**Student:** 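Quick one: structure below, then a few questions.
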Amino acid sequence: MLPEALFIASDHAGFQLKEDLKGHFTARGWKLEDLGAHSEESCDYPLFAHALCAAVLRTGHRGILICGTGLGMCMTANRHQGIRAAMCTHEFQAQAARRHNDANVLCLGARITAPGLARVLADLFLETAFDGGRHQRRVELMDGI
């Protein structure tokens with residue numbers, strides 16, 4: 001089951017991978033909102049991470065953040081209460097982030113993740129459901145509930 005909408009953002013280092021993923025999502029018919037960056041001109045990744053997290057929290061939809069390593073975007077995103085961002089480099093991580101942690105933001109590193117793998121990780125992240133059950137209790141503990 002695909003999400004109703006998807007937010008995506010990157011910094012300059014992640015711009016090309018973001019553009020590749022946008023083409024992939026469009027070809028699959030997914031509704032997508034690009035929150036920037038809109039070029040490879042140097043910029044500050046936290047601004048885009050904050051904007052995407054605000055949109056995810058406001059709507060309940062999922063998001064994808066991309067920077068050079070994925071680390072800066074992930075660290076920034078996880079400063080937001082209610083955001084569970086996961087940096088994934090392997091298929092199992094993308095599935096487990098959704099199944100066990102109900103992750104709502106996928107973080108990718110454009111300098112360490114090839115476009116083909118990024119498409120696979122994004123598909124798994126978007127198509128994998130949260131298992132709930134004992135994992136729900138753990139998610140609530142993460143959020144301090």
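Given the structure is predicted, the values throughout are model-derived calculations rather than measurements. Positions are given from 1, in the same order as the sequence printed here.
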**Student:** Would you say that more than 12 heavy atoms from the other residues, nucleotides or ligands in this model lie under 6.0 Å from the CZ of Arg99, or not?
**Tutor:** no

**Student:** How long is the straight-line distance from CG of Asn104 back to CZ of Phe130, given to the nearest 0.5 Å?
**Tutor:** 11.0 Å

**Student:** Among the clusters formed by ILVMFWY side chains lying less than 4.5 Å apart, do Leu65 and Leu6 turn up in the same one?
**Tutor:** no

**Student:** Is the closest side-chain heavy-atom distance between Leu106 and Arg62 below 4.5 Å?
**Tutor:** no

**Student:** If I take atom CZ from residue Arg134 and atom NE2 from residue His100, how far apart are they, to the nearest 0.5 angstrom?
**Tutor:** 6.0 Å

**Student:** With side chains defined as the heavy atoms from C-beta onward, is the minimum distance between Phe125 and Leu108 less than 4.5 Å?
**Tutor:** no

**Student:** Would you say Leu124 ends up clustered with Trp30 if hydrophobic residues are merged whenever their side chains have heavy atoms under 4.5 Å apart, either directly or through other cluster members?
**Tutor:** no

**Student:** I'd like to know if Ile64 and Leu47 are part of one continuous hydrophobic network [Ile/Leu/Val/Met/Phe/Trp/Tyr, side-chain heavy atoms within less than 4.5 Å].
**Tutor:** no

**Student:** Return the OG1 to CD1 distance between Thr76 and Ile83, rounded to the nearest 0.5 Å.
**Tutor:** 12.0 Å

**Student:** Between Phe48 and Leu35, which heavy-atom pair has the shortest distance, and what is it?
**Tutor:** CD2-O, 3.5 Å

**Student:** Count the heavy atoms of every other residue, nucleotide or ligand shown that sit under 6.0 Å from CZ of Arg138, and state whether that count exceeds 12.
**Tutor:** yes

**Student:** Rounded to the nearest 0.5 Å, what's the gap from CG on Leu126 to CZ on Phe25? Could you check?
**Tutor:** 5.5 Å

**Student:** Out of curiosity, does Tyr45 fall in the hydrophobic cluster containing Val105 (side-chain heavy atoms, cut-off under 4.5 Å, transitive links)?
**Tutor:** yes

**Student:** Would you name the heavy atoms of Met73 and Ala49 that are closest together and state the gap between them?
**Tutor:** SD-CB, 3.7 Å

**Student:** Return the SG to CG distance between Cys53 and Asn78, rounded to the nearest 0.5 Å.
**Tutor:** 8.0 Å

**Student:** Same cluster or not: Val56 versus Ile66, using hydrophobic residues (I, L, V, M, F, W, Y) connected whenever any side-chain heavy atoms lie under 4.5 Å apart?
**Tutor:** no

**Student:** Please list all pairs meeting side-chain hydrogen bond (donor to acceptor under 3.5 Å, both in side chains) that have one or both residues in residues 49-60, counting only residues at least two apart or in different chains.
**Tutor:** His50-His80

**Student:** Distance from Glu140 atom CD to Asp102 atom CG, nearest 0.5 Å?
**Tutor:** 10.5 Å

